[in-house]
Amino acid sequence: MLKSRITGTGSYVPEKIIDNSYLGKKIDTSDEWITERTGIRERRVVKTGQANSDLCFEASKKALLAAGLKPKDIDMIVVATMSGDMPMPSTAAILQKKLGAKNASAFDVNAACSGFIYGLSVADKFIKTGASQKLLLVGAEVNSRFLDWEDRATCVLFGDGAGAVVLEPTKGKRGILSTHLHSDGNLWDFICLPGGGSKNPPSEKTIKKGMHFIKMKGNETFKVAVRTLEKLVVSTLRENNVDPSELAMLIPHQANLRIISATARRLNLPMSRVAVNLDKYGNTSSASIPIALDEVVRDGRIKRGDYVLLEAFGSGLTWGSALIKW
Ligand code: UT7
């Protein structure tokens, strides 16, 4: 029985930093409020002309190098994103051109902040069935272009970045043990970007109403996220007969430190075994998990044979998890 295994990771964040005190000078917020309520201290944003596929490209080069592969070795490219270069073609296709990965198929997956987990689950199926041998999966977002920088309820939260992984088949015990995907479309309006699509095509009216910006019912989302993620991590471990004490590392989506801490508490997991980077990057949506994964791999914080649990929650509403034996 084939499994898929992550054989290389890479990440990239833009150079430009916006810290909380800068935002405190521009709008009615403060470093104290943002840090206490979210754990975020600063975020990265793209420069003029830099697009999602540029971030994907930088992260992908590093992941390919780590896996010891060339772009032409890749047979499938999946980009998880909600902020692609343009509605069509897919950002994966643009990335394919930039990499020169001429032997790959390419498509995007959109499950908002759960996008990387959804992409990982799709990738895992392609590898397990033997349909793909060398798959490049990227989670990348340029959230900064879709924020109302005068709306303190959203603009302080999000950031830009990309993380990439290479997946290959393996017959051993290591690899992705299971993935779990969930969605509740009844709550689609908790987090959305209502303008610019076929329902509300771009017009003077949609622009004036700010419909091209991310809207979020933050507090309502927070409550569902905490409840749902607590259940999700417990059921994921139980299904694999893994006790929380055996978990080497939890790599959560980086939306709010209070949500992350609540999930860790539910598993009795010390924060030293939880990957946290939202203080530096804010919420980078589908990029948050692969960036954090790349950091813990490069820091040597996860080792061969370790159990690693990934989990995410986001617009849709969507949520999902993956358990990996590293
Ligand atoms: O990644 C996708 C999934 N997303 C999430 O999981 C996000 C979940 N939600 C959250 O992380 C939190 O709900 C937020 C960080 C968005 C908000 O924190 P909260 O503790 O739920 O605050 P709140 O929305 O209940 O607002 C409390 C107060 C309000 O003022 P009043 O009505 O009490 O006077 C807000 O207007 O804080 C105010 N507020 C702010 N004040 C200063 C909201 N945003 C800000 C701000 N600076 N940036």
Side-chain angles (χ1 to χ4, degrees), residues 18-43 80-83 110-119 139-144 146-161 163 181-185 187-193 213-233 251-264 266 275-279 281-292 310-321:
I18 294 188
D19 65 15
N20 290 349
S21 33
Y22 173 85
L23 291 173
K25 284 180 209 132
K26 295 274 176 196
I27 52 170
D28 183 16
T29 188
S30 63
D31 177 36
E32 194 190 2
W33 191 96
I34 304 168
T35 309
E36 269 177 21
R37 297 289 180 121
T38 71
I40 298 165
R41 293 182 184 278
E42 55 189 44
R43 68 287 294 140
T81 190
M82 59 176 190
S83 56
N110 179 355
C113 294
S114 309
F116 183 76
I117 299 286
Y118 269 68
E141 304 289 359
V142 181
N143 287 322
S144 62
F146 303 94
L147 292 172
D148 175 354
W149 287 96
E150 288 179 0
D151 175 14
R152 68 178 185 174
T154 51
C155 78
V156 304
L157 303 174
F158 294 94
D160 303 340
L181 306 181
H182 304 273
S183 178
D184 183 357
L187 304 179
W188 70 266
D189 64 338
F190 273 31
I191 318 172
C192 61
L193 196 159
F213 295 131
I214 294 172
K215 318 277 179 205
M216 181 164 76
K217 296 180 182 175
N219 195 262
E220 288 91 327
T221 306
F222 183 94
K223 287 177 196 152
V224 185
V226 170
R227 252 197 338 260
T228 308
L229 289 172
E230 286 185 352
K231 273 195 216 142
L232 178 68
V233 290
I251 305 186
H253 168 51
Q254 311 279 314
N256 189 312
L257 188 57
R258 290 183 291 143
I259 299 177
I260 295 174
S261 309
T263 313
R266 181 68 186 80
V276 175
N277 66 17
L278 86 175
D279 50 328
Y281 308 136
N283 180 347
T284 55
S285 306
S286 59
S288 73
I289 291 176
I291 294 174
L310 319 181
E311 48 87 346
F313 186 92
S315 169
L317 296 176
T318 53
W319 59 100
S321 60

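The analysis underlying the following values was restricted to heavy atoms, covering all of them including side chains, and did not include hydrogens, waters or symmetry mates. Remember, it's 1-based here, ligands and their atoms both numbered in the order they're listed.
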Heteroatom distance test (Arg37, ligand 1): nitrogen or oxygen, under 3.5 angstrom: yes

Atom 34 (O) of ligand 1 touched by protein (heavy atom, under 4.0 Å): no

Least distance between heavy atoms, Ala112 atom then Ser286 atom: O-CB, 3.6 Å

Protein contact to atom 9 (N) of ligand 1 [nearest heavy atom, distance to 0.1 Å]: Gly218 O, 3.0 Å

Closest approach of any protein heavy atom to atom 44 (N) of ligand 1, naming residue and atom: Trp33 CH2, 3.3 Å

Which residues share a salt bridge (Lys or Arg N to Asp or Glu O under 4.0 Å) with Lys26, sequence neighbours left out: none

Protein heavy-atom partner closest to atom 14 (C) of ligand 1 - residue, atom, separation in Å: Asn256 ND2, 4.4 Å

Which of the ligand 1 atoms, numbered from 1, are nearer than 4.0 Å to a heavy atom of Phe313: 1 (O), 2 (C), 3 (C)

Atoms in ligand 1 flagged as close to Thr38, the criterion being non-hydrogen separation under 4.0 Å: 15 (C)

Cationic N near anionic O, under 4.0 Å, Lys215 to Asp148: no

Gap separating the CD1 atom of Ile34 from the CZ atom of Arg41, nearest 0.5 angstrom: 11.0 Å

Ligand 1-proximal atoms of Phe222, by part, heavy-atom distance under 4.0 Å: both

Met216-ligand 1 polar pair, N/O distance under 3.5 Å: no

Pair Arg258-Phe222, side-chain contact (heavy atoms from CB on, under 4.5 Å): steps then yes or no: CA-CA 9 Å; Arg258 290 183 291 143; Phe222 183 94; 3.8 Å; yes

Ligand 1 N/O within reach of Thr29 N/O, cut-off under 3.5 Å: yes

side-chain contact (heavy atoms from CB on, under 4.5 Å) evaluation trace for Tyr281 with Ile291: CA-CA 10 Å; Tyr281 308 136; Ile291 294 174; 3.8 Å; yes

For ligand 1, the portion of Asn219 having any non-hydrogen atom under 4.0 Å away: both

Within reach of ligand 1, part of Asn283 (heavy-atom separation under 4.0 Å): side chain

Under-4.0 Å heavy-atom contact between protein and atom 31 (P) of ligand 1: no

Arg266 CZ: over 12 foreign heavy atoms closer than 6.0 Å: no

Protein residue, atom and distance nearest to atom 18 (O) of ligand 1, heavy-atom basis: Arg258 NH2, 3.6 Å

Identity of the nearest option to atom 6 (O) of ligand 1, non-hydrogen atoms only, from Leu23, Val156, Asp28, Ile259: Ile259

Of the listed options Glu36, His253, Arg152, Lys217, closest to atom 38 (C) of ligand 1 (non-hydrogen atoms): Arg152

Check against side chain to side chain donor-acceptor pair (under 3.5 Å), Thr284 and Glu141: CA-CA 6 Å; Thr284 55; Glu141 304 289 359; over 6 Å; no

Set of residues satisfying side-chain contact (heavy atoms from CB on, under 4.5 Å) with respect to Leu181, sequence neighbours excluded: Ile117, Tyr118, Ser121

Steps toward side-chain contact (heavy atoms from CB on, under 4.5 Å) verdict (Glu230, Ile259): CA-CA 9 Å; Glu230 286 185 352; Ile259 299 177; over 6 Å; no

Other residues, nucleotides, ligands: >12 heavy atoms within 6.0 Å of Glu220 CD: yes

Nearest protein heavy atom with distance in Å, relative to atom 2 (C) of ligand 1: Cys113 SG, 3.4 Å

